[in-house]
Novice: 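Below you'll find the structure I mean.
The residues of the chain are indexed from 1 along the displayed sequence.
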Amino acid sequence: MSAPVIHRTLVALALALLATLAVAQGSAGPTHPAADWDRIRDVVTAQREALVAGDGERAFAFATPALRRQYGGAEAFMRMVRSGYQALVDARYVELLEGAVIEGSTIQPLRLVMPDGAVLVALYTMERQRDGSWRIAGCVIAPSTVKSA
């Protein structure tokens, strides 16, 4: 793994930890209008639906331009999803949680209940584009302290 990739990974993990703590403690609140949060949730939901359907082109379209450049195409993007984000596809139940802006980053959490009852949280980093739309800049999946019934 190259130094820039390791650095981005460490930053993402630190941000994920901050997001988890802030969301759990309620210390960070939404600073975007409700309509933006609706659009953010729509993007996350639509990308997951595309992933579940196996529609790599559609799923890839929800990524930021920087993420799209990083993977180069839908095929490479889907390989990455299958190798590290299969939980997004396999979850038997998902629930959008309240988003937050943490240190300037817009985070949209998605609770994932796995077939075995394990609970994970996907923390999406969202980025507003010049045209006002929202795209996914990254995602970290972390274990949750919540247990499934």
Novice: What closest approach, in Å, do P143 and L120 show between heavy atoms, and which atom pair accounts for it?
Specialist: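 Closest heavy-atom pair between P143 and L120: CA-CD2, 3.9 Å.
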
Novice: Kindly say whether M114 contributes a backbone atom to a donor-acceptor pair with the side chain of R92 at under 3.5 angstrom?
Specialist: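 Indeed, once roles are kept as given, a pair shorter than 3.5 Å links the two residues.
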
Novice: Rounded to the nearest 0.5 Å, how far does CG of L110 lie from OG1 of T45?
Specialist: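 T45 OG1 to L110 CG: 7.0 Å, rounded to 0.5 Å.
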
Novice: Start with the C-alpha distance between D36 and R39, add both sets of side-chain angles, then the distance that settles salt bridge (charged side-chain N to carboxylate O under 4.0 Å, His left out), and finish with yes or no.
Specialist: CA-CA 5 Å; D36 277 341; R39 287 191 288 273; 2.5 Å; yes

Novice: With the side chain counted from C-beta on, respond yes when M126 and V44 share a heavy-atom pair under 4.5 Å apart, and no when they do not.
Specialist: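 Sidechains of V44 and M126: in contact.
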
Novice: Taking salt bridge (Lys or Arg N to Asp or Glu O under 4.0 Å) as the definition, give me every residue that meets it alongside R58, ordered by chain and number, with sequence neighbours left out.
Specialist: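 Applying salt bridge (Lys or Arg N to Asp or Glu O under 4.0 Å) to R58 gives none.
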
Novice: Not counting sequence neighbours, which residues clear ring-ring contact (aromatic ring centres under 6.0 Å, His included) with F62? List them please.
Specialist: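 None.
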
Novice: Test side chain to side chain contact (heavy atoms under 4.5 Å, CB included) on I136 and T64 and set out the steps.
Specialist: CA-CA 6 Å; I136 297 167; T64 61; 5.9 Å; no

Novice: Starting at CG of D55, measure out to CD of Q47 and round the result to the nearest 0.5 Å.
Specialist: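 One gets 11.0 Å once the value is rounded to the nearest 0.5 Å.
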
Novice: Looking at CG of D38 and NE2 of H32, how far apart are the two atoms once the value is rounded to the nearest 0.5 Å?
Specialist: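 With rounding to 0.5 Å, CG (D38) is 12.5 Å from NE2 (H32).
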
Novice: Looking only at heavy atoms, what is the nearest atom pair of P65 and Q129, with distance?
Specialist: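 Shortest heavy-atom separation between P65 and Q129 comes out as CD-OE1, 3.1 Å.
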
Novice: Sub-3.5 Å donor-acceptor pair from the side chain of Y85 to the main-chain atoms of C139, do we have one?
Specialist: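 Checking the backbone N and O of C139 against the side chain of Y85, a donor-acceptor pair under 3.5 Å is found.
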
Novice: Any donor-acceptor pair under 3.5 Å linking the side chain of Q108 with the backbone of L97?
Specialist: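 The answer is yes, because a donor-acceptor pair under 3.5 Å joins these two groups.
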
Novice: To the nearest 0.5 Å, what is the distance between OG (S144) and CZ (R111)?
Specialist: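 Result: 6.0 Å between the selected atoms.
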
Novice: If you define the side chain from C-beta out and look only at heavy atoms, does anything of L123 sit under 4.5 Å from P109?
Specialist: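 L123 vs P109: side chains touch.
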
Novice: Given 3.5 Å as the limit, does a donor-acceptor pair link the side chain of E127 with the main chain of A137, or not?
Specialist: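 Not at all, since once roles are kept as given, no pair shorter than 3.5 Å links the two residues.
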
Novice: Quick one: do T125 and I107 satisfy side chain to side chain contact (heavy atoms under 4.5 Å, CB included)? Show the steps, please.
Specialist: CA-CA 5 Å; T125 302; I107 307 296; 3.6 Å; yes

Novice: Indicate the atoms forming the closest heavy-atom contact of V94 with A91, along with that distance.
Specialist: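 It is CG1-CB, 3.9 Å.
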
Novice: For L67 and G138, which heavy atoms make the closest approach, and how far apart are they?
Specialist: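 Answer, listing the atom of L67 first, then G138: CD2-N, 4.4 Å.
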
Novice: Distance from L96 atom CG to Y124 atom OH, nearest 0.5 Å?
Specialist: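 Between atom CG of L96 and atom OH of Y124 there are 9.0 Å.
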
Novice: Side-chain donor-acceptor contacts of residues 71-81 below 3.5 Å, not counting sequence neighbours, with atom names and distances?
Specialist:
residue: E75; atom: OE2; partner: R79; partner atom: NH1; Å: 3.2

Novice: Using 0.5 Å steps for rounding, measure from the CG atom of L112 to the OH atom of Y93.
Specialist: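 Nearest 0.5 Å value for the CG-OH distance: 11.0 Å.
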
